[in-house]
Each structure stands twice: as structure tokens, then as C-alpha cells.
Amino acid sequence: MSVGHTGIRGAVLVLNAGSSSLKYQLVHPDTEVVSAEGLCERIGDLGSSITHEQNGTEVTEQIELPDHKTAFERVVALFAEGGIDLATAGLRAVGHRVVHGGRTFFMPTLVTEHVMSEIDRISTLAPLHNPANLIGMRAAGELLPDVPAVVVFDTAFFHGLPDAASTYAIDRGVATLHAIRRYGFHGTSHEYVSAKAAEFLGRPPTELNQIVLHLGNGASASAIRGGQPIDTSMGMTPLQGLVMGTRSGDIDPAVVIHLHRVAKLSAEQIDTLLNKQSGLKGLCGESDFRSVTQLIEQGDASAKLAYDVYVHRLRQYIGAYMLDLGRLDAIVFTAGVGENAAGLRADALAGLENFGIVIDPDRNAVRSKDPRRISADGGTVDVLVVPTNEELAIARQSAAVVAEA
Ligand code: ADP
């Protein structure tokens with residue numbers, strides 16, 4: 001982390017509350033200056049801690065954090081110790097990342113009691129995430145009552161997916177009753193990165209067909225035609241699609257039935273198995289991509305298989321989206337793995353010369369925080385690495401909502 005301490009007036013405090021974590025960043029939507037950021041971990045558990053960086057100094061403290069409110073109180077105090085009184089600093093907004101907007105929300109929205117009760121209602125679709133987001137909202141509302149709060153939904157960008165892409169082929173009555181459809185996630189990142197890619201290429205987004213590959217701990221792919229997504233790999237929840245750190249991604253739905261009927265696992269146990277003990281972790285014991293790579297270098301066969309399954313699935317989505325788009329202009333890698341793992345990028349696109357996709361090994365090996373092209377000259381498809389910045393995107397969207405209010 002590298003943050004400074006200037007220009008706080010007009011900044012936005014971006015909060016991303018998970019079930020046991022609270023990630024935050026104080027960022028100015030116009031200057032892009034990050035004044036402070038941090039992470040509270042293991043909230044409600046033993047061994048909770050806060051890492052906070054402000055004025056170029058990072059502090060980590062082991063501190064009991066029984067709930068999100070206590071965590072946020074401590075965060076506010078840490079800001080004050082570093083010279084920022086959040087309540088009087090002239091913040092433009094608190095911007096909350098909310099995972100699931102269901103069928104109700106698809107625009108950044110000013111927080112009201114009614115909005116919070118709607119987010120609560122949607123919680124059945126995201127039982128691990130939305131309740132945590134709400135707790136974060138309430139904590140911030142109590143401690144910073146005079147700062148407008150805005151919610152930005154992870155599903156929003158994919159709201160207008162074509163029906164053919166968003167509809168599951170199950171009984172329509174059941175699907176409608178229970179709001180079962182493909183929503184898509186990581187929308188803030190896919191939107192931000194695809195816009196940045198167009199900017200980098202110097203072309204209007206409306207003219208570009210792109211495949212965006214957001215590969216972090218969670219991972220998702222999207223096909224974007226002229227700035228609008230036409231398909232994405234995550235579904236009703238962030239479990240569907242690509243192989244992830246701890247999530248299985250696509251499996252035969254009958255596996256779930258089998259696990260229940262034959263292996264006698266409960267719904268809770270299956271949920272945990274597929275969300276927390278699968279993906280790379282399930283296959284080789286490690287969820288972190290760097291650790292998987294290290295194991296492969298040591299000759300670990302399970303890690304090699306995990307990697308091969310990961311790449312195989314990724315290539316399947318790339319292939320499907322190439323066909324969906326018809327004409328492909330750019331493939332864009334982003335997030336922790338996508339921005340850093342050059343070998344994975346090369347393997348994901350190996351042997352696609354006939355489709356105009358050729359990676360330049362020297363460009364691919366460059367490490368940088370800036371958007372860059374890694375394809376060779378002469379190919380018809382630009383392959384890019386574009387670092388994502390969900391916090392900045394949330395800050396900008398929050399500021400825009402407040403300006404309109
Ligand atoms: P999150 O989904 O939690 O935001 P990130 O986007 O930070 O995740 O991505 C985390 C993943 O990125 C981890 O699997 C990590 O191993 C991987 N990663 C980070 N740096 C590198 C690197 N230099 N090489 C390969 N993988 C990396």
C-alpha cells in the first residue's frame with residue numbers, strides 16, 4: 001500500500017463489509033488520491049486485527065472486534081489518531097459496496113431506511129454478503145450521521161443482460177417466484193476495466209467488443225459488446241463460472257443432489273464445501289495462486305492438475321464469448337491473478353494465432369501498475385492488462401449520486 005494525506009475535503013470513504021471483514025479506503029473521486037486505507041479481519045472471531053495505513057505509515061493491531069460496529073468505531077479512532085476527523089473532514093459520501101442488488105437495484109442509490117429494508121429482503125439471494133453489507137451501513141450511519149451514504153451494487157452492470165443469457169432453463173414459475181436468474185457479479189470492476197481499456201486504445205467504448213477476465217480470489221469473465229455486457233460467467237450467486245480460489249465454479253447441479261442424498265451432507269455443509277473448500281483449494285490445498293504456482297515448481301501433481309483445470313475452464317469461457325461477440329477487439333486481464341500472473345495469461349491464450357490472438361512474451365513479462373498491451377503487433381485482437389480499481393469506481397459513482405441528490 002502506498003497512500004498520502006492530502007485533499008481530504010470532498011473525498012469518499014468506500015466501505016466493503018464482508019461477513020467477517022471490513023475493507024475501507026478514503027479516496028478522492030476527482031484527484032484519485034488515496035488518503036488512507038485498511039482492513040479489519042476476523043471480526044466476531046478469535047485473533048481479529050486491523051491493518052490501517054495513513055500518512056504513509058502502516059499499523060497493524062491485534063484487537064478484539066466482536067462485531068462490525070466495534071470494528072468501524074476503531075477505524076474512525078485510527079483515522080483521528082492520524083489527524084483525520086471523519087465526521088468533520090468534509091467527506092462527500094460514504095460509498096458502500098453491496099454484493100447483491102437482486103431485481104430491485106441496478107443504479108447506485110442513496111441509502112435510506114427503505115433502501116436498507118429492500119437490501120435486507122434480497123438477503124436470501126446473498127445470505128453471506130448482504131447482511132454484512134447492511135451491518136456496515138448501520139455502523140457508518142450511526143458514527144457518521146451527517147455524511148450521505150450511497151450503495152453501489154456488484155450486480156448492477158449486468159442488469160441488462162439479454163434474456164437468453166440471464167435465464168436458467170428451469171421451470172419458469174419456480175424461477176420467477178424465487179428470483180432465480182443469472183445476475184452476474186464484479187460488475188463495478190468489469191465496467192471500470194472495460195471503460196479503461198477503451199480509453200487506453202483511444203476508441204469509443206461503443207465501438208469495441210471485449211472479453212474482460214477478472215481473475216482474483218473470486219473470478220469472473222464477461223463479454224461486452226459496445227460497452228454493454230451480453231454475458232458473464234457468474235450466476236444467481238458468485239459461485240458459478242470459472243474455477244476460483246476456494247469456489248468450484250461450474251459443476252453439474254446433480255452433484256449437489258448426490259452430495260445430499262448419498263454423502264448425506266446438509267445444505268450448510270454443501271454450501272461450505274462448494275464456496276470455501278473447492279476451486280484451487282479443493283484440488284491442491286492452496287487457494288492463493290502464488291502458492292499454487294510454487295507447488296507446481298516443486299513438482300506437486302495436485303497443484304498442476306488444479307492449474308490445468310483452472311486454465312481449461314478459462315479457455316472455455318474465452319471461446320464461448322468469442323463466438324457470442326462475433327467480432328472480438330480486445331481481451332482484458334485484471335485483478336490479482338490477471339494483473340500479475342504472466343504465465344497464466346500466456347497459457348490462457350496459447351495457440352490462438354488463427355483467431356488473431358498473439359501474446360508478445362516480452363510485453364507480457366513487464367510488471368507495471370499501468371494499463372498495457374501485451375499482444376504482438378499484427379494480431380487482430382488487442383490483449384491488455386488493465387489494473388482494476390473498484391474503490392475508485394465506487395467513490396466516483398457515490399459522488400455522482402450525491403451531486404444529483
Ligand atoms: P480479491 O478477489 O480478494 O480482491 P485479488 O484481486 O487481490 O483478490 O487477487 C488475489 C489473487 O491474486 C491471489 O490468488 C494471489 O495469489 C494472486 N496474485 C497476487 N499477486 C500475484 C503475483 N505476483 N503472481 C501471481 N498471482 C498473484
Side-chain angles (χ1 to χ4, degrees), residues 1-2 14-25 34 37-42 51 53 97 99 126 128-129 132-133 152 154 184-190 192-193 196 212-222 232-234 237-249 275-298 300 303-304 306-307 309-311 313-314 332-348 364-372 374 385-394:
M1 289 196 273
S2 173
V14 178
L15 292 186
N16 183 356
S19 53
S20 63
S21 67
L22 179 66
K23 211 170 151 186
Y24 57 91
Q25 187 179 93
V34 175
E37 62 186 353
L39 173 67
C40 308
E41 290 178 284
R42 292 176 164 267
T51 302
E53 185 182 351
R97 177 188 183 198
V99 170
L128 287 180
H129 295 106
N133 299 153
V152 176
D154 225 25
F185 297 85
H186 290 149
T188 308
S189 177
H190 285 270
Y192 175 86
V193 165
K196 272 271 172 204
V212 176
L213 304 168
H214 175 112
L215 310 175
N217 283 314
S220 60
S222 67
T232 190
S233 58
M234 285 179 165
T237 76
L239 181 55
Q240 197 181 350
L242 302 175
V243 176
M244 309 182 213
T246 63
R247 288 175 238 162
S248 63
N275 275 297
K276 304 238 166 90
Q277 298 161 355
S278 296
L280 296 173
K281 188 178 177 66
L283 289 171
C284 72
E286 293 285 352
S287 64
D288 190 285
F289 203 81
R290 279 165 296 197
S291 309
V292 176
T293 312
Q294 277 165 10
L295 281 179
I296 295 173
E297 282 162 10
Q298 292 159 16
D300 187 294
K304 177 69 171 68
Y307 181 84
V309 175
Y310 186 103
V311 173
R313 181 87 49 85
L314 187 57
V332 191
F333 287 91
T334 194
V337 176
E339 290 167 28
N340 294 298
L344 178 273
R345 293 193 296 255
D347 289 339
N364 190 30
V366 171
R367 300 188 64 80
S368 162
K369 289 270 169 227
D370 295 321
R372 56 202 184 273
I374 59 168
V385 178
V386 176
T388 192
N389 193 339
E390 289 165 286
E391 286 80 9
L392 179 61
I394 291 171

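Counting starts at 1 for both ligands and their atoms, following the listed order. In this text the structure is predicted, and so the values were computed from the model without any measurement. Residues: numbered from 1 along the sequence shown.
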Checking Tyr307 now: which residues fulfil ring pair (Phe, Tyr, Trp, His ring centres under 6.0 Å) with it, not counting sequence neighbours? none
List in chain and number order the residues that pass salt bridge (Lys or Arg N to Asp or Glu O under 4.0 Å) with Lys304, two or more places apart in sequence or in another chain; answer none if no residue qualifies. Asp308
From the options Val193, Leu213, Thr232, select the one residue that forms a side-chain contact (heavy atoms from CB on, under 4.5 Å) with Ser222. Thr232
Going by atom type alone, with no hydrogens or angles, which donor-acceptor pairs under 3.5 Å involve a side-chain atom of residues 16-24 and a protein atom two or more places apart or on another chain?
| from | atom 1 | to | atom 2 | distance (Å) |
| --- | --- | --- | --- | --- |
| Tyr24 | OH | His52 | ND1 | 2.6 |

Any donor-acceptor pair under 3.5 Å linking the side chain of Arg247 with the backbone of Val243? no
Are Thr334 and His214 close enough that a side-chain donor and a side-chain acceptor fall under 3.5 Å? no
List by chain and number: which residues place a heavy atom under 4.0 Å from ligand 1? Gly216, Asn217, Gly218, Asp288, Phe289, Arg290, Ala335, Gly336, Val337, Asn340, Ala341, Arg367
